[in-house]
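Structure first, commentary second.
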Amino acid sequence: QMMKIVPVLGLDFSQANLTFDDDICLHRTKEDKPRIYMRIIDKFVEVLGPLTENYCLPYVFGCKALPGGTTSDLMALSGHYFKPELKYKNLVYRYVKTVNRIEFALPPNHSPIFEKAEYFAKLAKNENLKNFFVHLHITPGLVEDYQGLIKTILERNSPSNGKFREIIL
(Lines give C-alpha, C1' and ligand atoms only; values in the text may rest on other atoms or scores of the structure.)
Protein backbone atom coordinates (compact mmCIF):
# COMPACT_ATOMS: atom_id res chain seq x y z
CA GLN A 1 0.00 0.00 0.00
CA MET A 2 1.32 3.42 -0.96
CA MET A 3 1.81 6.19 1.55
CA LYS A 4 -0.69 9.06 1.36
CA ILE A 5 -0.10 12.60 2.54
CA VAL A 6 -3.16 13.95 4.38
CA PRO A 7 -3.07 17.69 5.11
CA VAL A 8 -4.77 18.94 8.28
CA LEU A 9 -5.41 22.66 8.01
CA GLY A 10 -6.05 24.79 11.11
CA LEU A 11 -7.41 28.31 10.51
CA ASP A 12 -7.57 30.81 13.37
CA PHE A 13 -10.87 32.71 13.09
CA SER A 14 -10.43 34.62 16.35
CA GLN A 15 -10.49 38.36 16.99
CA ALA A 16 -6.69 38.22 16.94
CA ASN A 17 -7.04 38.50 13.15
CA LEU A 18 -8.50 42.00 13.39
CA THR A 19 -6.24 45.03 13.23
CA PHE A 20 -6.89 48.67 13.90
CA ASP A 21 -4.89 49.88 10.90
CA ASP A 22 -7.24 51.07 8.17
CA ASP A 23 -9.91 48.54 9.14
CA ILE A 24 -7.83 45.59 7.92
CA CYS A 25 -8.80 42.04 8.74
CA LEU A 26 -6.49 39.17 7.80
CA HIS A 27 -9.59 37.28 6.60
CA ARG A 28 -10.56 39.85 3.95
CA THR A 29 -12.26 38.16 1.01
CA LYS A 30 -12.83 41.16 -1.27
CA GLU A 31 -10.29 42.32 -3.84
CA ASP A 32 -10.09 45.90 -2.47
CA LYS A 33 -7.95 45.00 0.57
CA PRO A 34 -5.09 42.59 1.33
CA ARG A 35 -6.33 38.99 1.47
CA ILE A 36 -3.68 37.36 3.65
CA TYR A 37 -5.42 34.07 4.54
CA MET A 38 -6.69 33.56 1.00
CA ARG A 39 -3.14 33.91 -0.36
CA ILE A 40 -1.89 31.37 2.19
CA ILE A 41 -4.69 28.93 1.25
CA ASP A 42 -3.84 29.33 -2.45
CA LYS A 43 -0.17 28.54 -1.75
CA PHE A 44 -1.17 25.61 0.48
CA VAL A 45 -3.14 24.08 -2.41
CA GLU A 46 -0.39 24.90 -4.94
CA VAL A 47 2.32 23.21 -2.87
CA LEU A 48 0.48 20.24 -1.36
CA GLY A 49 -2.04 19.63 -4.15
CA PRO A 50 0.28 17.61 -6.40
CA LEU A 51 1.48 15.53 -3.42
CA THR A 52 -1.95 14.59 -2.07
CA GLU A 53 -5.18 13.05 -3.24
CA ASN A 54 -6.73 16.49 -3.78
CA TYR A 55 -8.36 16.88 -0.37
CA CYS A 56 -7.56 18.08 3.13
CA LEU A 57 -9.08 18.16 6.61
CA PRO A 58 -9.66 21.89 7.27
CA TYR A 59 -10.80 23.16 10.67
CA VAL A 60 -11.42 26.62 12.09
CA PHE A 61 -11.32 27.74 15.71
CA GLY A 62 -11.76 30.87 17.82
CA CYS A 63 -15.11 31.91 16.35
CA LYS A 64 -18.81 31.79 17.12
CA ALA A 65 -21.09 29.96 14.70
CA LEU A 66 -24.09 31.83 16.11
CA PRO A 67 -24.04 35.50 17.16
CA GLY A 68 -23.82 35.68 20.94
CA GLY A 69 -23.07 31.94 21.18
CA THR A 70 -20.04 30.30 22.71
CA THR A 71 -16.62 30.33 21.09
CA SER A 72 -15.85 27.19 19.12
CA ASP A 73 -12.53 25.46 19.72
CA LEU A 74 -12.95 23.27 16.64
CA MET A 75 -15.32 23.52 13.70
CA ALA A 76 -15.00 21.63 10.41
CA LEU A 77 -14.77 24.01 7.46
CA SER A 78 -16.75 21.45 5.44
CA GLY A 79 -19.74 22.15 7.68
CA HIS A 80 -19.89 18.48 8.72
CA TYR A 81 -17.97 17.68 11.92
CA PHE A 82 -17.97 13.92 11.23
CA LYS A 83 -17.09 14.35 7.53
CA PRO A 84 -14.41 17.05 7.56
CA GLU A 85 -12.81 16.09 4.21
CA LEU A 86 -12.90 18.88 1.68
CA LYS A 87 -11.70 18.79 -1.93
CA TYR A 88 -9.27 21.57 -2.79
CA LYS A 89 -11.61 22.93 -5.46
CA ASN A 90 -14.17 23.65 -2.68
CA LEU A 91 -11.71 24.99 -0.10
CA VAL A 92 -11.81 28.70 -0.99
CA TYR A 93 -15.59 28.60 -1.49
CA ARG A 94 -16.18 27.07 1.98
CA TYR A 95 -13.63 29.46 3.50
CA VAL A 96 -15.40 32.55 2.10
CA LYS A 97 -18.83 31.18 3.04
CA THR A 98 -17.66 30.50 6.61
CA VAL A 99 -15.92 33.88 7.04
CA ASN A 100 -19.16 35.61 6.04
CA ARG A 101 -21.27 33.59 8.50
CA ILE A 102 -19.25 33.46 11.71
CA GLU A 103 -18.42 35.99 14.38
CA PHE A 104 -14.74 36.42 15.30
CA ALA A 105 -14.35 35.72 19.00
CA LEU A 106 -11.95 34.93 21.81
CA PRO A 107 -10.21 32.89 23.12
CA PRO A 108 -8.37 31.10 20.32
CA ASN A 109 -7.57 27.68 21.79
CA HIS A 110 -5.09 25.85 19.60
CA SER A 111 -4.77 22.48 21.38
CA PRO A 112 -8.00 20.92 20.00
CA ILE A 113 -6.81 21.06 16.38
CA PHE A 114 -3.56 19.27 17.32
CA GLU A 115 -5.55 16.68 19.27
CA LYS A 116 -7.86 16.16 16.25
CA ALA A 117 -4.85 15.64 13.95
CA GLU A 118 -3.50 13.08 16.41
CA TYR A 119 -6.89 11.36 16.50
CA PHE A 120 -6.86 10.95 12.69
CA ALA A 121 -3.28 9.66 12.79
CA LYS A 122 -4.22 7.03 15.40
CA LEU A 123 -7.23 5.94 13.33
CA ALA A 124 -5.03 5.52 10.28
CA LYS A 125 -2.47 3.54 12.28
CA ASN A 126 -5.17 1.24 13.72
CA GLU A 127 -6.39 0.53 10.18
CA ASN A 128 -2.80 -0.04 8.97
CA LEU A 129 -3.07 2.83 6.52
CA LYS A 130 0.16 4.38 5.31
CA ASN A 131 -0.91 7.97 5.90
CA PHE A 132 1.42 10.83 6.74
CA PHE A 133 -0.43 13.77 8.29
CA VAL A 134 0.87 17.26 7.57
CA HIS A 135 -0.47 19.96 9.86
CA LEU A 136 -0.55 23.55 8.64
CA HIS A 137 -1.62 25.96 11.34
CA ILE A 138 -2.46 29.52 10.23
CA THR A 139 -2.70 32.06 13.03
CA PRO A 140 -1.62 35.65 13.73
CA GLY A 141 0.03 34.41 16.91
CA LEU A 142 -2.36 34.91 19.84
CA VAL A 143 -2.33 31.58 21.65
CA GLU A 144 -4.67 31.63 24.64
CA ASP A 145 -3.89 28.05 25.70
CA TYR A 146 -0.11 28.37 25.25
CA GLN A 147 0.89 26.17 28.22
CA GLY A 148 -1.54 23.42 27.23
CA LEU A 149 -0.41 23.58 23.61
CA ILE A 150 3.28 23.27 24.54
CA LYS A 151 2.44 20.34 26.83
CA THR A 152 0.48 18.65 24.03
CA ILE A 153 3.34 19.05 21.55
CA LEU A 154 6.04 17.93 23.98
CA GLU A 155 4.09 14.86 25.15
CA ARG A 156 3.49 13.74 21.59
CA ASN A 157 7.07 14.44 20.57
CA SER A 158 8.57 12.18 23.22
CA PRO A 159 10.92 9.38 22.14
CA SER A 160 8.25 6.80 23.05
CA ASN A 161 5.80 8.30 20.53
CA GLY A 162 8.33 9.20 17.88
CA LYS A 163 5.77 9.96 15.16
CA PHE A 164 4.65 13.50 15.99
CA ARG A 165 6.88 16.18 14.51
CA GLU A 166 6.38 19.90 14.14
CA ILE A 167 8.35 22.65 12.52
CA ILE A 168 7.63 26.11 13.90
CA LEU A 169 8.44 28.88 11.42
Euclidean distance, [Y] [atom2] relative to [X] [atom1], rounded to 0.5 Å:
X: Leu11; Y: Phe61; atom1: CG; atom2: CZ; result: 7.5 Å
X: Arg94; Y: Ile41; atom1: CZ; atom2: CD1; result: 12.5 Å
X: Gln147; Y: Ser111; atom1: CD; atom2: OG; result: 10.5 Å

Taking the inter-plane angle between the rings of Tyr95 and Tyr37 on a 0 to 90° scale, is it parallel (under 30°), tilted (30 to 60°) or perpendicular (over 60°)?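 Tyr95 vs Tyr37 ring planes: parallel.
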So do the side chains of [X] and [Y] get within less than 4.5 Å of each other, counting heavy atoms only?
X: Asp12; Y: Pro140; answer: yes
X: Lys125; Y: Lys122; answer: no
X: Pro108; Y: Thr139; answer: no

Could you pull out every donor-acceptor pair under 3.5 Å between side chains of residues 82-89 and any protein atom, sequence neighbours left out?
| unit_1 | atom_1 | unit_2 | atom_2 | d |
| --- | --- | --- | --- | --- |
| Tyr88 | OH | Thr52 | OG1 | 3.1 |
| Tyr88 | OH | Tyr55 | O | 3.4 |

Show the atom names and distances, to 0.1 Å, of all donor-acceptor pairs under 3.5 Å that link a side chain in residues 42-50 to residues at least two apart or in another chain.
| unit_1 | atom_1 | unit_2 | atom_2 | d |
| --- | --- | --- | --- | --- |
| Lys43 | NZ | Glu46 | OE1 | 3.4 |

Holding to side chain to side chain donor-acceptor pair (under 3.5 Å), I want the full list of residues that pass it with Tyr81, two or more places apart in sequence or in another chain. Lys116
Distance-only donor-acceptor hits, side chain of residues 62-77, under 3.5 Å, sequence neighbours excluded:
| unit_1 | atom_1 | unit_2 | atom_2 | d |
| --- | --- | --- | --- | --- |
| Lys64 | NZ | Gly69 | O | 3.4 |
| Thr71 | OG1 | Leu106 | O | 2.8 |
| Ser72 | OG | Leu74 | N | 3.2 |
| Ser72 | OG | Leu74 | O | 3.3 |
| Asp73 | OD1 | Asn109 | ND2 | 3.0 |

Are His135 and Phe120 an aromatic pair by the rule of ring centers under 6.0 Å?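 So the answer is no for these two rings.
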Tell me, please, which residues at least two apart from Asn100 pass side-chain contact (heavy atoms from CB on, under 4.5 Å).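 Testing Asn100 for side-chain contact (heavy atoms from CB on, under 4.5 Å), a comparison that skips the adjacent residues, returns Thr29, Val96.
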For Tyr59, the ring pair (Phe, Tyr, Trp, His ring centres under 6.0 Å) test, sequence neighbours excluded, returns none
Check for me, please, whether Leu57 and Tyr119 land in the same ILVMFWY cluster - side-chain distances under 4.5 Å, paths through other members count. yes
Evaluate the criterion side-chain contact (heavy atoms from CB on, under 4.5 Å) for residue pair Leu9 and Leu91; output intermediate values, then yes/no. CA-CA 11 Å; Leu9 179 61; Leu91 188 58; 4.3 Å; yes
